[in-house]
Amino acid sequence: MRVALKIAYDGTRFHGFQRQPNVRTVEGEIIKALNDAGIEFTDFKSASRTDRGVSALGNVVALTTDDERILNPMVLNGRLEDIWVLSAVKVPQDFHPRFWAKSKVYRYYLPSWDLDIEKVKECSRLFLGTHDFSAFARVDGRDTIRSIDRIEVWKSGPILVVEVEAKSFLWEMVRRIVKALELCGSGKLVSQDIERMLQGAYERSRKVPPAPPEGLLLVDVEYNGITFPLDERSLKKFRREVEERAKARMMLSYLTLDMIKV
């Protein structure tokens with residue numbers, strides 16, 4: 001039986017997704033919970049191996065097992081901290097969560113009080129379509145041509161939200177796009193700079209650095225013909241626990257902002 005799990009996690013509590021020795025990772029904790037539950041499995045795969053500090057609302061992992069208990073998300077949720085299994089569904093035996101993905105949606109939360117929002121929106125539209133993203137990625141030898149299907153920018157209080165959708169992304173691509181938009185909004189880059197970079201014409205010394213990983217959220221991974229009904233008990237646990245840490249972070253954020261008003 002092949003099963004896909006829709007998972008959420010607080011990336012600030014982990015050293016990234018992929019298993020590493022002697023550090024806490026998302027993959028490592030899920031596998032530990034499976035072992036603790038006595039669920040034997042093979043062929044564990046993920047849709048996205050997010051970087052250290054990056055959080056997720058809708059990442060997907062898949063595994064093969066004969067243990068029907070895996071279809072009850074609470075079996076793992078009772079053994080996990082900072083990770084929540086929101087849905088578990090049977091999928092075709094050859095399902096691979098990365099290669100079967102129709103699209104991935106990322107969202108970045110950018111402080112906006114010193115940015116020209118119209119310039120940010122103007123520059124964001126330049127990223128739509130197919131381009132050479134070598135100036136906006138940590139290049140590891142792969143083809144740097146990618147297509148952005150959708151990019152939207154909106155204001156939410158003191159935060160500028162940037163949402164990007166594509167079938168696939170390069171390493172650090174979203175974070176570097178966001179950094180470029182921030183530089184546009186502060187007047188340090190103009191649209192002509194972005195256009196040249198998207199054509200592959202840039203000096204390596206001017207390559208855009210990534211925005212901090214803590215502001216990035218993997219919102220969803222979408223598939224043709226596969227849906228993930230949310231488990232009510234798991235969703236209730238997730239909302240309760242995330243709300244508590246949201247209150248604590250909001251308190252600290254406003255306390256810090258007040259300190260710089262002196």
Side-chain angles (χ1 to χ4, degrees), residues 1-102 104-107 213-214 216-223 225-246 248-249:
M1 173 177 66
R2 189 75 170 154
V3 176
L5 308 177
K6 179 81 78 171
I7 60 171
Y9 49 87
D10 180 351
T12 65
R13 306 292 180 97
F14 298 98
H15 289 256
F17 185 91
Q18 192 172 7
R19 274 177 289 179
Q20 302 175 55
N22 305 317
V23 294
R24 190 168 183 252
T25 69
V26 176
E27 183 180 35
E29 291 298 298
I30 294 173
I31 288 174
K32 181 177 181 295
L34 287 163
N35 290 333
D36 289 347
I39 296 175
E40 296 183 3
F41 66 95
T42 59
D43 199 20
F44 185 98
K45 303 294 183 185
S46 63
S48 181
R49 294 183 293 184
T50 50
D51 290 338
R52 178 177 181 174
V54 177
S55 298
L57 178 60
N59 204 348
V60 175
V61 300
L63 52 91
T64 298
T65 183
D66 292 326
D67 197 326
E68 293 281 343
R69 290 181 299 152
I70 192 67
L71 295 172
N72 176 7
M74 289 303 294
V75 169
L76 292 183
N77 284 330
R79 295 171 169 87
L80 290 168
E81 290 184 14
D82 308 313
I83 303 170
W84 301 269
V85 179
L86 301 180
S87 182
V89 297
K90 292 181 180 180
V91 291
Q93 196 58 41
D94 59 345
F95 174 79
H96 192 300
R98 179 158 62 98
F99 299 134
W100 281 45
K102 179 181 71 172
K104 296 178 182 177
V105 180
Y106 282 93
R107 191 177 291 162
E214 293 80 9
L216 185 60
L217 177 70
L218 173 55
V219 177
D220 201 10
V221 183
E222 298 178 354
Y223 301 90
I226 298 175
T227 57
F228 293 87
L230 298 179
D231 178 72
E232 287 300 324
R233 288 181 64 198
S234 302
L235 187 60
K236 184 177 180 180
K237 181 178 189 292
F238 166 67
R239 285 174 171 164
R240 182 180 68 250
E241 294 178 2
V242 171
E243 185 177 284
E244 287 304 311
R245 68 187 63 195
R249 289 176 178 176

K.L.:
Quick one, Val89 with Ser87, criterion side chain to side chain contact (heavy atoms under 4.5 Å, CB included). Give me CA distance, side-chain angles, the key distance, then yes/no.
P.N.:
CA-CA 7 Å; Val89 297; Ser87 182; 4.0 Å; yes
K.L.:
Between Ser234 and Asn77, what is the shortest heavy-atom contact and its length?
P.N.:
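Between these two residues, the closest heavy atoms are OG-ND2, 2.9 Å.
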K.L.:
Is the CD atom of Glu81 crowded by more than 12 outside heavy atoms at less than 6.0 Å?
P.N.:
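For Glu81, atom CD is not crowded (no more than 12 foreign heavy atoms under 6.0 Å).
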K.L.:
Go through the steps for Arg249 and Thr12 under the test side chain to side chain donor-acceptor pair (under 3.5 Å), then give the verdict.
P.N.:
CA-CA 12 Å; Arg249 289 176 178 176; Thr12 65; 2.9 Å; yes
K.L.:
Please confirm whether the backbone N or O of Gly53 pairs with a side-chain atom of Glu214, one donor and one acceptor, at under 3.5 Å?
P.N.:
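Looks like no, no N/O pair under 3.5 Å.
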K.L.:
Would you compute the distance between atom CG of Leu5 and atom CG of Leu86 and round it to the nearest 0.5 angstrom?
P.N.:
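Output value for this atom pair is 10.0 Å.
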K.L.:
By the ring pair (Phe, Tyr, Trp, His ring centres under 6.0 Å) test, which pairs, at least two apart or in different chains, include something from residues 72-102?
P.N.:
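Passing the test, one end in residues 72-102: Trp84-Phe238, Phe95-Trp100, Phe95-Tyr223, His96-Phe99.
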K.L.:
For Val91 and Val3, what are the C-alpha separation, side-chain angles and deciding distance, and is it a side chain to side chain contact (heavy atoms under 4.5 Å, CB included)?
P.N.:
CA-CA 6 Å; Val91 291; Val3 176; 5.8 Å; no
K.L.:
Indicate the atoms forming the closest heavy-atom contact of Pro97 with Ala101, along with that distance.
P.N.:
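Scanning both residues completely, I find the closest heavy atoms to be O-CB, 3.8 Å.
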K.L.:
Could you list the residues that satisfy side chain to side chain donor-acceptor pair (under 3.5 Å) with Glu29, not counting sequence neighbours?
P.N.:
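Glu29: no side chain to side chain donor-acceptor pair (under 3.5 Å) contacts found.
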K.L.:
Could you check whether any side-chain N or O of Asp231 sits under 3.5 Å from a backbone N or O of Pro73, counting only pairs where one atom can act as donor and the other as acceptor?
P.N.:
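A pair under 3.5 Å: no.
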K.L.:
In chain order, what residues pass the side chain to side chain donor-acceptor pair (under 3.5 Å) check against Lys32, with sequence neighbours excluded?
P.N.:
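Checked Lys32 against side chain to side chain donor-acceptor pair (under 3.5 Å); matches are Asp36.
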K.L.:
Between the side chain of Thr65 and the main-chain N/O of Glu40, is any donor-acceptor distance below 3.5 Å?
P.N.:
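Yes, because the side chain of Thr65 sits within donor-acceptor range (under 3.5 Å) of the backbone of Glu40.
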K.L.:
How far does CD of Gln18 sit from CD of Glu27, to the nearest 0.5 angstrom?
P.N.:
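Output value for this atom pair is 6.5 Å.
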K.L.:
For atom CZ of Arg239, is the number of surrounding heavy atoms from other residues, nucleotides or ligands below 6.0 Å larger than 12?
P.N.:
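Counting other residues, nucleotides and ligands, CZ of Arg239 stays at 12 neighbours or fewer.
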K.L.:
Using a strict 4.0 Å threshold on nitrogen-to-oxygen distance, state whether Lys237 and Glu241 make a salt bridge.
P.N.:
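Yes, this pair counts.
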K.L.:
Measuring only between side-chain heavy atoms, which start at C-beta, is Val75 closer than 4.5 Å to Ile39?
P.N.:
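Of all side-chain heavy-atom pairs linking Ile39 with Val75, at least one is under 4.5 Å.
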K.L.:
Do the side chains of Thr227 and Lys6 get nearer than 4.5 Å, heavy atoms only?
P.N.:
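A side-chain contact under 4.5 Å is absent here.
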K.L.:
Quick check for you: to the nearest 0.5 Å, what is the distance between Asn35 atom CG and Arg79 atom CZ?
P.N.:
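Atom-to-atom, Asn35:CG and Arg79:CZ are 11.0 Å apart.
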K.L.:
Answer whether the closest heavy-atom distance between the side chains of Asp43 and Lys45 falls below 4.5 Å.
P.N.:
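SC-SC contact between Asp43 and Lys45 confirmed.
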K.L.:
Check whether any side-chain heavy atom of Asp220 lies under 4.5 Å from a side-chain heavy atom of Phe228, and answer yes or no.
P.N.:
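They are not in contact (no side-chain heavy atoms under 4.5 Å apart), so the answer is no.
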K.L.:
Between Met1 and Ile70, does the side chain to side chain contact (heavy atoms under 4.5 Å, CB included) criterion hold? Intermediate values first, please.
P.N.:
CA-CA 10 Å; Met1 173 177 66; Ile70 192 67; 4.0 Å; yes
K.L.:
Please examine the side chains of Val61 and Ile7, heavy atoms only from C-beta on, and report whether any two atoms are closer than 4.5 Å.
P.N.:
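A side-chain contact exists here, since the closest heavy-atom pair is under 4.5 Å.
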K.L.:
Asn72 side chain to Met74 main-chain N or O, any donor-acceptor pair under 3.5 Å?
P.N.:
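Side chain of Asn72 to backbone of Met74: a pair is present.
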K.L.:
Assess the side chains of Arg49 and Thr25: does a donor N or O sit below 3.5 Å from an acceptor N or O?
P.N.:
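No, because no side-chain N or O of Arg49 sits under 3.5 Å from a partner of the opposite role on Thr25.
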K.L.:
Any salt bridge (Lys or Arg N to Asp or Glu O under 4.0 Å) involving residues 50-67? Give me the pairs, sequence neighbours left out, ordered by first then second residue.
P.N.:
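Non-adjacent pairs meeting salt bridge (Lys or Arg N to Asp or Glu O under 4.0 Å): Asp51-Arg175, Asp67-Arg69.
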K.L.:
Could you walk me through whether Ile83 and Val26 pass the side chain to side chain contact (heavy atoms under 4.5 Å, CB included) test, one step at a time?
P.N.:
CA-CA 7 Å; Ile83 303 170; Val26 176; 3.9 Å; yes
K.L.:
Heavy-atom distance under 4.5 Å between the side chains of Thr64 and Phe41, does that happen here?
P.N.:
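Side chain of Thr64 against side chain of Phe41, heavy atoms only: no contact under 4.5 Å found.
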K.L.:
For Ser48, which residues count as a side chain to side chain contact (heavy atoms under 4.5 Å, CB included) partner, sequence neighbours excluded?
P.N.:
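Ser48 satisfies side chain to side chain contact (heavy atoms under 4.5 Å, CB included) with Thr50, Asn59, Lys104, Tyr106, Leu218 only.
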K.L.:
According to the interplanar angle, ranging from 0 to 90°, do the rings of Tyr9 and Phe17 count as parallel (below 30°), tilted (30 to 60°) or perpendicular (above 60°)?
P.N.:
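The arrangement is tilted - the two ring planes meet at 30° to 60°.
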K.L.:
For Arg24 and Arg13, indicate whether the former's side chain and the latter's backbone hold a donor-acceptor pair under 3.5 Å.
P.N.:
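Such a contact is found between Arg24 side chain and Arg13 backbone.
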K.L.:
By the ring pair (Phe, Tyr, Trp, His ring centres under 6.0 Å) test, which pairs, at least two apart or in different chains, include something from residues 47-81?
P.N.:
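Counting only pairs at least two positions apart or across chains, no ring pair (Phe, Tyr, Trp, His ring centres under 6.0 Å) contact touches residues 47-81.
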K.L.:
Does Ser55 use its side chain to pair, donor to acceptor, with the backbone of Asp10 at less than 3.5 Å?
P.N.:
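Judged by distance alone, no pair lies under 3.5 Å.
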